[in-house]
Amino acid sequence: MRLTVSAHDDTRKLIVLAVDDEPKGLDELVHCLRNSPHVALVYPAIDASEALRLLSADDPRLADRKARGLPIVDAVFADIDMPGLSGMEMSRVFAALRPSPALVFVTGHAEEAVNAFDLGALDYVLKPYQQDRLDRAITRVIDKLAANAAPQYGPEGGPGLVKNDDEVIPVELAGTTKLIPRSSVRWVEAQGDYARLFTTDGSHLVRIPLAQLEERWEKAGFVRIHRSFLVSLPLITELRMGQGGYQVVIGNEEKVLPVSRRHTRALKDRLVGANRST
């Protein structure tokens with residue numbers, strides 16, 4: 001598999017950081033990562049503090065990456081729940097770097113996945129580690145790096161703000177965690193501190209406030225039309241006046257949702273802007 005990450009090096013394998021405060025867990029994580037044919041080097045760290053010290057050490061391999069404008073490592077595989085500086089806190093340090101490495105959390109508790117994605121994690125892997133599951137996470141890292149390195153084009157063929165990343169949301173279903181890609185979400189309805197995602201194959205309740213999704217998904221084309229609804233703008237096929245005010249029609253299924261008065265002007269502007277760019 002070829003991976004283009006810069007003009008200087010188009011076949012480079014991954015350099016990753018593995019962090020787990022349990023020695024046995026760290027050994028297993030490092031072993032699985034090194035088993036991947038796409039990983040060249042693994043830096044192991046027993047806790048977050050050691051991980052930060054490793055990456056600030058005088059390592060010529062890392063210094064060369066900095067000089068070439070690459071992330072200090074391609075990906076960080078880190079346990080969420082660690083004593084001292086937690087994986088969550090450590091991830092904030094890496095997320096602030098420019099360019100930043102891909103974040104993959106490892107955890108023994110599926111319910112922590114929501115917090116992981118709140119910090120922009122690309123993926124999460126449950127313990128005990130399975131080689132095929134870690135391989136899928138590595139593939140996602142490769143895809144992300146390739147997408148970040150590829151030229152991005154707007155509707156007229158010139159440079160644009162087209163983003164290829166498709167965030168996924170973990171959903172708990174009878175003890176099983178299902179990952180829902182954002183691209184499958186048609187609209188979202190607020191239900192207290194939760195949100196219900198309406199997708200192409202049903203609906204899923206997640207523990208994420210609608211306001212948080214609105215902020216995270218704005219650049220992906222989602223627009224707030226009501227205090228209770230967030231909608232994928234490209235799927236709006238009609239804006240019309242109903243008995244109680246404006247309404248939108250979603251896709252071919254003729255789903256009708258209300259538009260509040262305070263959101264009407266902004267929605268019209270977004271729809272006009274979208275039509276002008278197509």
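A 4.5 Å side-chain heavy-atom check between Leu29 and Leu134 finds at least one atom pair inside the cut-off. Inter-residue side-chain proximity for Val16 and Val73 is flagged as unmet; no heavy-atom pair is nearer than 4.5 Å. In this structure, Ile250 and Thr237 have side chains that are not in contact, with every pair of non-hydrogen atoms separated by 4.5 Å or more. Side-chain contact between Arg140 and Val104 is absent, with no heavy-atom pair separated by less than 4.5 Å. Lys127 places a side-chain heavy atom less than 4.5 Å from the side chain of Asp79. Taking 4.5 Å as the limit, some side-chain heavy atom of Thr199 sits within range of a side-chain heavy atom of Val185. At a threshold of 4.5 Å between non-hydrogen side-chain atoms, the residues Leu33 and Tyr129 do not count as touching.
Qualifying side chain to side chain donor-acceptor pair (under 3.5 Å) partners for Glu22, counting only residues two or more places apart in sequence or in other chains: none. Among residues two or more places apart in sequence or in another chain, the side chain to side chain donor-acceptor pair (under 3.5 Å) test is passed with Arg133 by Asp123. Partners of Glu215 according to the salt bridge (Lys or Arg N to Asp or Glu O under 4.0 Å) rule, which considers only residues two or more places apart in sequence or in another chain, do not exist here. Evaluation of the salt bridge (Lys or Arg N to Asp or Glu O under 4.0 Å) rule for Arg240 yields Glu238 as partners, not counting sequence neighbours. Residues forming a side-chain contact (heavy atoms from CB on, under 4.5 Å) with Leu239 (at least two apart in sequence, or on another chain): Tyr246, Val248, Val259, Leu267, Lys268, Leu271. Every residue two or more places apart in sequence or in another chain that forms a ring-ring contact (aromatic ring centres under 6.0 Å, His included) with Phe222 is listed here: Trp217. Every residue meeting the salt bridge (Lys or Arg N to Asp or Glu O under 4.0 Å) condition with Arg265, not counting sequence neighbours, appears here in chain and number order: Asp269. Listed by chain and residue number, nothing satisfies the salt bridge (Lys or Arg N to Asp or Glu O under 4.0 Å) test with Arg196 (two or more places apart in sequence, or in another chain). Shown here are the ring-ring contact (aromatic ring centres under 6.0 Å, His included) partners of Phe229, two or more places apart in sequence or in another chain: His226. Qualifying ring-ring contact (aromatic ring centres under 6.0 Å, His included) partners for Tyr43, counting only residues two or more places apart in sequence or in other chains: none. Qualifying side chain to side chain donor-acceptor pair (under 3.5 Å) partners for Asp27, counting only residues two or more places apart in sequence or in other chains: none. Scored by the side chain to side chain donor-acceptor pair (under 3.5 Å) test, Ser228 finds no partners at all (sequence neighbours excluded).
Atom CD of Glu28 and atom CD of Gln131 lie 11.5 Å apart (nearest 0.5 Å). Note: Leu230 CG to Glu214 CD = 6.0 Å, rounded to the nearest 0.5 Å.
Taking a 6.0 Å sphere around CD of Gln191, one finds it holds more than 12 heavy atoms contributed by other residues, nucleotides or ligands. In the displayed structure, Asp132 atom CG is contacted under 6.0 Å by more than 12 heavy atoms of other residues, nucleotides or ligands.
Without hydrogens or angle criteria, Asp193 side chain to Pro209 main chain gives no donor-acceptor distance under 3.5 Å.
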